[in-house]
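Read the numbers this way: they start at 1 and go in the same order the structure lists the ligands and their atoms.
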Amino acid sequence: MNINTNKTIPYKTHLKENELPSAWYNVRADMKTDQQPLLNPKTFKPVTLEDLEPVFCTELAKQELNTTDRYIPIPDEVLNFYRMYRPGPLVRAYCLEEALGTPARIYYKYEGGNTSGSHKLNSAIAQAYYAKEQGLKGVTTETGAGQWGTALSMACGYFGLECLVYMVKCSAMQKPYRRGVIETYGASVVPSPSDTTEAGRKMLAANPDNPGSLGTAISEAVEVALNTPGYRYVLGSVLNQVMLHQSIIGLEAKAAMAKYDEYPDIVIGCAGGGSNLGGLISAFMEDKLAGKRNPHFIAVEPSSCPSLTRGRFAYDYCDTGHITPLAKMYTIGSGYIPASSHSGGLRFHGMSPILSQLYHDGHLDEARSVKQTEIFEAAKLFAKVEGILPAPESAHAIKVTLDEARRCKETGEEKVILFGLTGTGYFDLSAYMAYNSGTMTDYVPSDEELEKGLATIPDIGL
Ligand SMILES: *Cc1c(COP(=O)(O)O)cnc(C)c1O
């Protein structure tokens with residue numbers, strides 16, 4: 001398939017063009033202290049474009065290293081794809097406000113309105129586009145809960161690229177239908193750890209029942225990309241390039257709120273690798289860093305994988321096999337194997353370096369961790385009154401939104417709350433069933449358990 005450079009597909013031509021942003025926002029251009037560079041895992045020196053090119057598409061590697069361009073134009077082919085499902089709705093949660101009896105005005109930005117069921121398609125289509133443009137044959141990736149694998153398979157299917165997805169084994173077992181969607185779009189799925197790579201075989205030799213983790217799946221996907229001509233590796237979160245693409249969420253949200261003459265006092269998002277939260281707060285962070293407004297940003301993570309709330313701000317590997325660059329980030333250690341929770345999308349041991357630095361500097365104001373039974377309680381209330389069955393990941397943001405709205409009820413404050421509804425939960429029904437039947441349990445690692453993970457953070461003297 002050829003990529004059309006000038007054709008504008010007339011989807012939703014009734015939309016005013018300015019409702020769909022034509023450029024992504026690169027928050028790094030405005031950060032007072034830029035996050036520290038990725039380090040080459042062999043030399044511990046800052047990575048260069050030459051280091052990244054064997055692994056990533058060249059244009060994406062350039063975006064990864066870009067600290068100067070505040071706005072980066074969205075290619076026309078990507079805009080055309082966005083027009084199929086964007087701008088995403090901004091919804092005032094009137095029924096939820098009424099159910100809570102809160103004076104707060106609650107808005108959510110809905111990212112579940114596409115077949116992949118999450119915000120991940122926003123970056124998947126950009127990454128597939130740059131791979132195709134470079135003339136590559138295919139890409140490899142990992143997927144935790146399966147949303148990223150689904151999004152990438154859709155994007156690769158659209159541009160005619162091959163796609164190989166390493167899916168964390170426990171998720172592959174929890175969610176067999178995810179695989180069905182991924183394969184429908186023409187991609188292949190391998191449960192990880194697998195015997196198809198050296199990294200996977202090593203993990204299996206140590207423990208044949210290893211439930212898998214994102215860190216291991218990343219090692220496998222990178223290994224295959226490096227060893228297969230015409231292939232590169234792509235990642236659905238954490239990286240700077242992904243934060244860049246996801247900025248479209250916040251740019252749209254700010255524009256839509258402005259139409260109602262609203263501006264959020266509090267912005268809440270769930271945080272796995274940090275991409276949806278980073279995207280949601282992006283346009284508001286631009287105002288905050290410029291000293292124009294001061295919204296309160298809250299990251300919500302699962303208590304079973306608490307990188308921001310209980311991790312360390314340190315250089316660490318992004319994968320268990322230690323073949324990826326090191327990033328300065330909040331981490332609980334690449335050797336930490338999180339419990340098989342039902343929020344597969346939030347099981348990464350680290351956090352986006354951009355968000356980590358913003359948190360460290362106090363611009364991302366707060367992080368909270370919540371338990372999975374609490375988030376399903378919140379999800380159920382939301383599903384009943386707002387009509388959307390949320391993804392368990394999204395329900396983390398809902399839970400803290402409920403807490404804040406209830407606090408407003410007590411104090412009588414009419415705060416404006418915006419949260420990210422990142423996706424739908426139709427592939428998570430076994431989790432809902434476990435919650436409904438009362439068999440779901442909570443897992444909070446003890447300090448000793450956490451220490452085992454923290455001890456795997458390398459001491460590189462930085
Ligand atoms: C992947 C995912 C997340 C978490 O990833 P981030 O990079 O932290 O945004 C949250 N919600 C949904 C629905 C997801 O698929």
_At less than 4.0 angstrom from any non-hydrogen atom of Ser237, what atoms of ligand 1 do you find?_
6 (P), 7 (O)

*For Glu59, does the CD atom sit with more than 12 other heavy atoms under 6.0 Å from it, leaving out its own atoms?*
yes

*Number the atoms of ligand 1 from 1 as they appear, then name those within less than 4.0 Å of a heavy atom of Glu393, with their elements.*
10 (C), 11 (N), 12 (C)

*Considering only NZ, NE, NH1 and NH2 on the basic side and carboxylate oxygens on the acidic side, decide whether Arg105 and Asp265 come within less than 4.0 Å.*
no

*Please confirm whether Ser275 comes within less than 3.5 Å of ligand 1 when only nitrogen or oxygen atoms on both sides are compared.*
yes

*With sequence neighbours left out, what residues match Arg232 under side chain to side chain contact (heavy atoms under 4.5 Å, CB included)?*
Cys57, Gln134, Leu136

*Answer yes or no: is there an ion pair linking Asp287 with Lys254, defined by an N-O contact shorter than 4.0 Å?*
yes

*Which segment of Lys120 sits under 4.0 Å of ligand 1 when only heavy atoms are counted*: side chain

*asked:* If the cut-off is 4.0 Å to any non-hydrogen atom of Gln147, which atoms of ligand 1 fall inside it?
replied: 13 (C), 14 (C), 15 (O)

*Answer side chain, backbone, both or neither: which part of Ser352 comes under 4.0 Å from ligand 1, heavy atoms only.*
neither

*With heavy atoms of Ser118 as the reference, note each atom of ligand 1 found under 4.0 Å away.*
13 (C), 15 (O)

*May I ask you to check whether Thr373 and Asp442 show a side-chain donor-acceptor distance below 3.5 Å?*
yes

*asked:* For the 3.5 Å polar cut-off, considering only N or O atoms, please tell me whether Gly274 and ligand 1 meet it.
replied: yes

_Residue portion contacting ligand 1 (non-hydrogen atoms closer than 4.0 Å) for Leu346_ = side chain

*Any salt bridge (Lys or Arg N to Asp or Glu O under 4.0 Å) pairs touching residues 233-252, not counting sequence neighbours?*
Arg86-Glu252, Lys109-Glu252

*At a 4.0 Å threshold, what atoms of ligand 1 neighbour a non-hydrogen atom of Ala271?*
8 (O)

*Heavy-atom pair of closest approach, residues Arg312 and Ile457*: CB-CD1, 4.1 Å

*If you measure from the Lys or Arg side-chain nitrogens to the Asp or Glu carboxylate oxygens, is any gap between Lys32 and Asp361 under 4.0 Å?*
no

*Flag His119 as yes when one of its N or O atoms lies below 3.5 Å from any N or O atom of ligand 1, and as no otherwise.*
yes

*Short N/O distance, under 3.5 Å, between Gly273 and ligand 1?*
yes

